Amino acid sequence: STPSNSSAASDVYKRQTLHFSDMGYVNENHVPYVPIVTQAFDLDRGISLTSDAMGGTSSFGSVTLINDGSLDDYIVNQTNDHLPVRVLGGKKTFDRERGIWMDPARADLKPVFAGLGTLWQPGRRTLTIPLLGALSWLDVTMTGRIYGGTGGLDGDSNVTGRIMPILRGTACNITPVLIDAVNYVYQVSDAPAEISALYEGGFAGGIVCSGTVADIYAQTPAPGTYLIQTGATGTWIRLGTKPVYGITVDAAGSFPSGAAPQNVLDILRQMLLEDFSLPEAYLDGQWTAQSAMAPWTGGWFWDGTESVTGQDVVRTLLSGLGISIVPTRSGTIRPVLLSEPLYSTQPALLLTPDVITEIEPVSLDASLSPPTWRWRIGWQHNFTVQSTGSGLHPQASADRQAIIGTADRNAVWASAALRTRWRVPNDPSAIVTALASSDDAQTIAISHGRLWGTYRTLWAVTVPVELSWQVDLGDYVSVMAPLPGLSSLTMGIVVAEHVRGGDATATLQI
């Protein structure tokens with residue numbers, strides 16, 4: 001193993017890489033990797049297979065070094081928290097003519113782990129570096145702006161200390177934040193947004209738009225109208241008359257940079273870059289290709305009442321889509337779309353009895369086994385549920401009341417034959433999604449039905465650890481073993497990996 005750690009001085013920026021190994025290693029450029037690694041790390045990565053679909057999970061152990069005193073300065077005087085760590089693996093070869101072990105070329109080493117190291121923990125004889133995967137970047141809180149309560153667009157005393165609302169993509173019937181109760185000013189988003197309709201108690205015809213202005217405080221809207229101010233710093237509306245019923249809007253939000261992605265996966269990517277300041281280098285190059293496989297429009301609205309982490313945003317935007325965000329061996333994060341195995345796909349690895357050392361069945365989550373006979377995928381989430389009563393405008397149409405009276409409408413895939421075949425087939429609860437279109441929701445429901453509406457098996461396949469380095473989560477593999485269902489080559493998807501430090505084998509769940 002060859003972990004390296006980079007550090008930067010606070011006064012003059014510099015980059016320094018420390019090289020260590022377990023058995024001693026010198027690359028072709030004569031860079032030595034000091035042999036002080038005494039214990040490698042445990043690795044657990046996987047895709048959470050549950051009916052509410054689905055998030056990437058990972059946990060990592062630590063690397064233990066001999067504490068010979070050479071690293072005391074880094075421990076005491078330099079920042080060593082959340083710095084990049086990379087672990088590579090390879091094999092020495094024996095040169096029989098000269099009777100020496102030869103080191104592999106640096107380019108021939110396989111990536112095993114790339115992520116971050118937390119605070120170094122020195123002992124009397126050892127130095128331990130706990131490891132974090134790339135998904136740890138998603139634990140940070142969204143960098144939203146906060147109202148100061150000084151008046152105007154900074155909000156009045158009622159919103160002091162509250163995070164400004166955030167609208168990304170298309171959202172239905174959101175309640176904008178009232179930031180100036182005297183002048184009837186509401187904020188829709190902290191970035192540009194297009195308002196397609198404004199409702200008072202569910203009625204769209206009572207207050208009409210009188211235009212967009214550069215300064216919403218420069219003029220008072222006429223009674224029964226509203227003005228819009230929108231730009232990189234946010235979107236606001238100002239009413240000309242105090243409303244009798246609650247104000248809601250249908251809108252589509254962009255980003256402060258002006259970027260305006262439409263599909264859910266692209267919205268998530270842009271949020272990680274802009275709203276969470278994730279370094280772009282940590283987004284895998286396959287993200288763009290995966291985005292084309294999931295061209296589903298949607299969006300979400302956060303009203304600023306709660307702190308939101310990157311993990312929260314991932315779960316919200318990807319809920320029910322069958323897409324997981326997983327860490328790769330190279331230290332990036334990428335989306336993986338789980339769908340029915342395609343036998344036309346070229347497998348990344350062929351696993352046959354000559355390389356499989358052990359294979360055992362693993363129980364699927366109870367929400368997926370037995371098979372599911374029905375999937376209900378929500379679409380056009382209603383952010384402000386308004387049921388019949390005094391909160392609705394008397395002129396609100398019946399169609400509008402039907403839309404705003406429930407939080408979600410569902411697209412459905414169902415199999416009556418499957419329901420009768422199994423005594424207790426699964427019937428997952430309806431899943432709330434960020435989708436805007438019923439057609440997209442129907443496409444996903446059908447995809448889930450094809451994947452989980454039949455009997456699936458999960459296998460734990462133990463192979464030499466060097467072989468496991470050739471695949472990553474979400475990769476297709478072909479498996480053949482003397483077991484029911486695997487007697488001929490069968491296509492599968494790698495959904496988890498378990499490695500224990502020092503072991504010669506690794507276990508892939510497929």
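Since this is a predicted model, take the numbers as computed values, not measurements.
When atom types are taken as modelled, the side chain of Thr332 and the backbone of Leu283 share no donor-acceptor pair closer than 3.5 angstrom. At least one donor-acceptor pair under 3.5 Å links the side chain of Asp472 to the backbone N or O of Arg329. Using modelled atom types, no side-chain atom of Thr372 and backbone atom of Leu368 make a donor-acceptor pair closer than 3.5 Å. Ser136 contributes a side-chain N or O that, together with a main-chain N or O of Gly133, makes up a donor-acceptor pair within less than 3.5 Å. Not a single donor-acceptor pair under 3.5 Å links the side chain of Asp22 to the backbone N or O of Ile36.
For the pair Arg168 and Phe255, the cation-pi criterion (under 6.0 Å, within 45° of the ring axis) is fulfilled. Arg419 forms a cation-pi arrangement with Trp373, by the criterion of a distance under 6.0 Å to the ring centre and an angle within 45° of the ring axis.
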List the atom pairs, with distances to 0.1 Å, where a side-chain N or O of residues 295-305 and a protein N or O form a donor-acceptor pair under 3.5 Å, not counting sequence neighbours.
| residue | atom | partner | partner atom | Å |
| --- | --- | --- | --- | --- |
| Asp303 | OD1 | Thr305 | N | 3.0 |
| Asp303 | OD1 | Thr305 | OG1 | 2.7 |

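A donor-acceptor contact under 3.5 angstrom links the side chains of Asn173 and Gln386, judged on distance only. For the residue pair Asp365/Ser367, the side-chain donor-acceptor check at 3.5 Å is satisfied. At a cut-off of 3.5 Å, with distance as the only test, a side-chain donor of Thr462 or Thr507 sits close to an acceptor on the other residue.
Qualifying ring-ring contact (aromatic ring centres under 6.0 Å, His included) partners for Tyr199, counting only residues two or more places apart in sequence or in other chains: none.
Ion pairing between Arg269 and Glu280 holds under the 4.0 Å rule for side-chain N and carboxylate O. Between Arg500 and Asp44 there is a salt bridge, with a side-chain nitrogen of the basic residue lying less than 4.0 Å from a carboxylate oxygen of the acidic one. A salt bridge is defined here as a Lys NZ or Arg NE, NH1 or NH2 lying under 4.0 Å from an Asp or Glu carboxylate O, and Glu466 with Lys110 fails to meet this definition.
Rounded to the nearest 0.5 angstrom, Glu306 CD and Thr141 OG1 are separated by 12.0 Å.
At least one side-chain heavy atom of Met142 sits less than 4.5 Å from a side-chain heavy atom of Phe276.
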